[in-house]
Amino acid sequence: MAKPLNIAVAGLGTVGTGVVRLLAENAKVLERRCGRKLDVVAVSARDKTKDRGIDLAGVRWFDDPVNMAKAPGIDVVVELIGGSGGVARSVVETAIKAGRAVVTANKALLAHHGTELAMAAERKGVPLAFEAAVAGGIPIIKALREGLAGNRVRRVYGILNGTCNYILTEMRRTGRDFEEVLEEAQDKGYAEADPSFDVDGIDAAHKLAVLSAVAFGARVNFKAVHVEGIRHVTAMDIAFADELGFRIKLLGLAARTDAGIEQRVHPCLVRLGTPIAHVEGVFNAVVAEGDFVGQAVFQGRGAGQGPTASAVASDLVDIARGVRVPTFSVPAKALDRARPVPMTRHTGAYYIRLMVTDRPGVIADVTATFRDQNISLESMLQRARDPKEAVPVVLVTHETRESSMRRALAKIAALDTVQEPPRVIRIEEP
Ligand code: NDP
Ligand code: HSE
């Protein structure tokens, strides 16, 4: 039997305790699969006295995870602290410098520093693995990097944030408000330390930047991601979407075109009947389109202790078995510097909800503005009639350019009969 893989875990929160528990409960099966034991030999967190419900007898405790990352007798450092810089970054950099393999679930760190970290790891000849960083328990990194390695991937998109999908699902199902459902997602351990990262689309953007790098063999370019979150999605929009035959989902979408790489995260209307429309709750789904495979759809729990620990464990198994693959599908120094495609070049259909004064001529002014921008309307809904109050009017357009839509909306917002900023949700037809 080969010598055990000695593992140090930095961070014992939702994910860290899950990893320690999984490695203990599945020790025997993992040992058979790897031909060696996977032993947790060291851990670090802030509070040594906290009862975490896991057995840490015989495991060395470090107050400072950076010291742990370079301590002797450790093969792999698992970073589960979080954050795009600070201590998490120091732990990963120190571990690589010390020649240790690194496993992390930290998409924020990878989105901001992924390319440099991959270069450092490959120079040192150590793996930097991050299956848990994207789409929780779904093995999408491995699928793209290995399972679909024979393809040119043209497009990859999906539901990448469990918290947002949970919130949108529960708001629709139960009519509860945003804040109440967010608290529930936090209690279940789905949300980031700062939940605005979830609801403002930043976490999904971090994941999309990492996913794009793996799918297209390009440098991680988080700054190029167009990001919008779900705060402006209201119960009224969810109900109108339902009536029109759509669900509202926060999607991350990346596509490689002749112009470069387009990366965007925003709420979308997706048609009922498409696989993504029916992915509910904390579940994520990722669709990858390759030139030979066609469309491949992956679905599973996108957040929470068990699914994330499962993804971390798969990286540890690879390391224990000696599997070596380039971090982002191609060697780090050969990663493309692809041009970003700006959002203004996007074309698609749009859902627009206006709150207007209910008086003759309002719709004529709105539709004239769309006509002036060459935007054609597919349908219109007005449900209420009340001359004293603002009433909602919903318009659905045919495919048009984002730049034309922005010009039209600026003019519509300035009409004195339009009482609130227009609410706009892009329609995605996969
Ligand atoms: P938690 O907030 O639950 O846990 C963070 C842990 O880090 C805690 O144990 C904390 O210690 C420890 N920590 C914080 N600062 C320090 C420090 N300076 N030194 C040592 N330890 C420190 O986070 P999660 O487990 O939810 O997330 C961890 C990572 O996994 C993040 O990068 C997150 O984005 C990612 N992730 C999370 C998922 C989820 O569903 N939760 C899913 C996929 C990825 P203490 O307990 O003592 O306070
Ligand atoms: N906060 C993240 C989510 C955790 O809700 O998807 C998983 O990465």
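We count ligands from 1, going down the list as the structure has it; atoms in each ligand are counted the same way.
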D200/R231 ion pair, N-O < 4.0 Å: yes
Atom 21 (N) of ligand 1: nearest protein contact (heavy atom, Å): A45 CA, 3.3 Å
Atoms in ligand 2 with a heavy atom of K207 nearer than 4.0 Å: 2 (C), 3 (C), 6 (O), 7 (C), 8 (O)
E192: numbered ligand 2 atoms lying under 4.0 Å from its heavy atoms: 1 (N), 2 (C), 4 (C)
Per-atom contact, atom 18 (N) of ligand 1, protein heavy atoms, under 4.0 angstrom: yes
Separation between CG of L144 and CD1 of I141, rounded to the nearest 0.5 Å: 6.5 Å
Atom 3 (O) of ligand 1: the protein heavy-atom neighbour that sits closest, reported with distance to 0.1 Å: T14 N, 3.0 Å
Atom indices of ligand 1 within 4.0 angstrom of P65 heavy atoms, with elements: 19 (N), 20 (C)
Residue part near ligand 1, for I81, under 4.0 Å between non-hydrogen atoms: both
Atom indices of ligand 1, in the order listed, that fall short of 4.0 Å to a heavy atom of L80: 5 (C), 6 (C), 7 (O), 28 (C)
contact_flag A191 ligand 2 heavy-atom lt 4.0 Å: yes
Option nearest atom 11 (O) of ligand 1 (shortest heavy-atom distance, choices R46, K207, K107): R46
Under-4.0 Å protein heavy-atom contact, atom 46 (O) of ligand 1: yes
Test item: Y157 and L208 side chains (from C-beta on) under 4.5 Å apart, heavy atoms: no
Polar atom proximity, G83 to ligand 1 (N or O, under 3.5 Å): no
Contact atoms of ligand 2, heavy-atom distance to N161 under 4.0 Å: 2 (C), 3 (C), 5 (O), 6 (O)
Residue pair L12 / I54, side-chain heavy-atom distance below 4.5 Å: yes
Contact check, side chains of E131 and K142, non-hydrogen atoms, under 4.5 Å: yes
Under-4.0 Å heavy-atom contact with ligand 1, by part of A132 that carries it: backbone
Sub-4.5 Å side-chain heavy-atom contact between V265 and L160: no
Under-4.0 Å salt bridge between K107 and D203: yes
Salt-bridge present (E402, R264; N to O < 4.0 Å): no
Which segment of V87 sits under 4.0 Å of ligand 1 when only heavy atoms are counted: side chain
D198, portion touching ligand 2 at heavy-atom distance under 4.0 Å: side chain
Minimum-distance protein heavy atom relative to atom 7 (C) of ligand 2: G302 O, 3.3 Å
Contacting atoms of ligand 2, where contact means under 4.0 angstrom from a heavy atom of G162: 3 (C), 5 (O), 6 (O)
Closest to atom 34 (O) of ligand 1 (judged by heavy-atom distance), picking from E131, R52, E192, E79: E192
G162, G189, G11: member with heavy atom nearest to atom 39 (C) of ligand 1: G189
Sole residue of L253, I248, I159 in side-chain contact (heavy atoms from CB on, under 4.5 Å) with C268: L253
Enumerated ligand 1 atoms positioned under 4.0 Å from heavy atoms of L12: 6 (C), 8 (C), 9 (O)
4.5 Å side-chain heavy-atom contact, L182 and T163: yes
R426 side chain to H266 backbone, donor-acceptor under 3.5 Å: no
Interfacing atoms of ligand 1 (cut-off 4.0 Å, heavy-atom, D47): 47 (O)
Beyond-backbone contact of E170 with T174, side-chain heavy atoms, under 4.5 angstrom: yes
Protein residue, atom and distance nearest to atom 27 (O) of ligand 1, heavy-atom basis: V15 CG2, 3.9 Å
Protein heavy-atom partner closest to atom 5 (O) of ligand 2 - residue, atom, separation in Å: T163 OG1, 2.6 Å
Donor on one side chain, acceptor on other, E122 and T327, under 3.5 Å: yes
Numbered atoms and elements of ligand 2 in range of K107, under 4.0 angstrom, heavy atoms: 4 (C), 7 (C), 8 (O)
Carboxylate-amine/guanidinium proximity below 4.0 Å for D237 and R353: yes
Closest protein heavy atom (residue, atom, distance) for atom 42 (C) of ligand 1: T308 OG1, 3.2 Å
Close side-chain approach of P65 to E79, heavy-atom, < 4.5 Å: no
Non-hydrogen side-chain atoms of L38 and V76 separated by less than 4.5 Å: no
Close-contact set for ligand 1 against N106 heavy atoms, below 4.0 Å: 32 (O)
Greater than 12 external heavy atoms within 6.0 Å of R406's CZ: yes
Ligand 1 N/O within reach of G304 N/O, cut-off under 3.5 Å: yes
N-O pairing of D242 and R247 below 4.0 Å: yes
Enumerated ligand 1 atoms positioned under 4.0 Å from heavy atoms of A303: 40 (O)
Subset of ligand 1 atoms that lie under 4.0 Å from at least one heavy atom of G82: 31 (C), 32 (O)
Protein contact of atom 8 (C) of ligand 1 - nearest heavy atom, named by residue and atom, plus distance: G13 N, 3.7 Å
Residue portion contacting ligand 2 (non-hydrogen atoms closer than 4.0 Å) for N284: neither
Atom 35 (C) of ligand 1 - nearest protein heavy atom and its distance: A105 O, 3.4 Å
Cationic N near anionic O, under 4.0 Å, E280 to K249: yes
Heteroatom distance test (A193, ligand 1): nitrogen or oxygen, under 3.5 angstrom: no
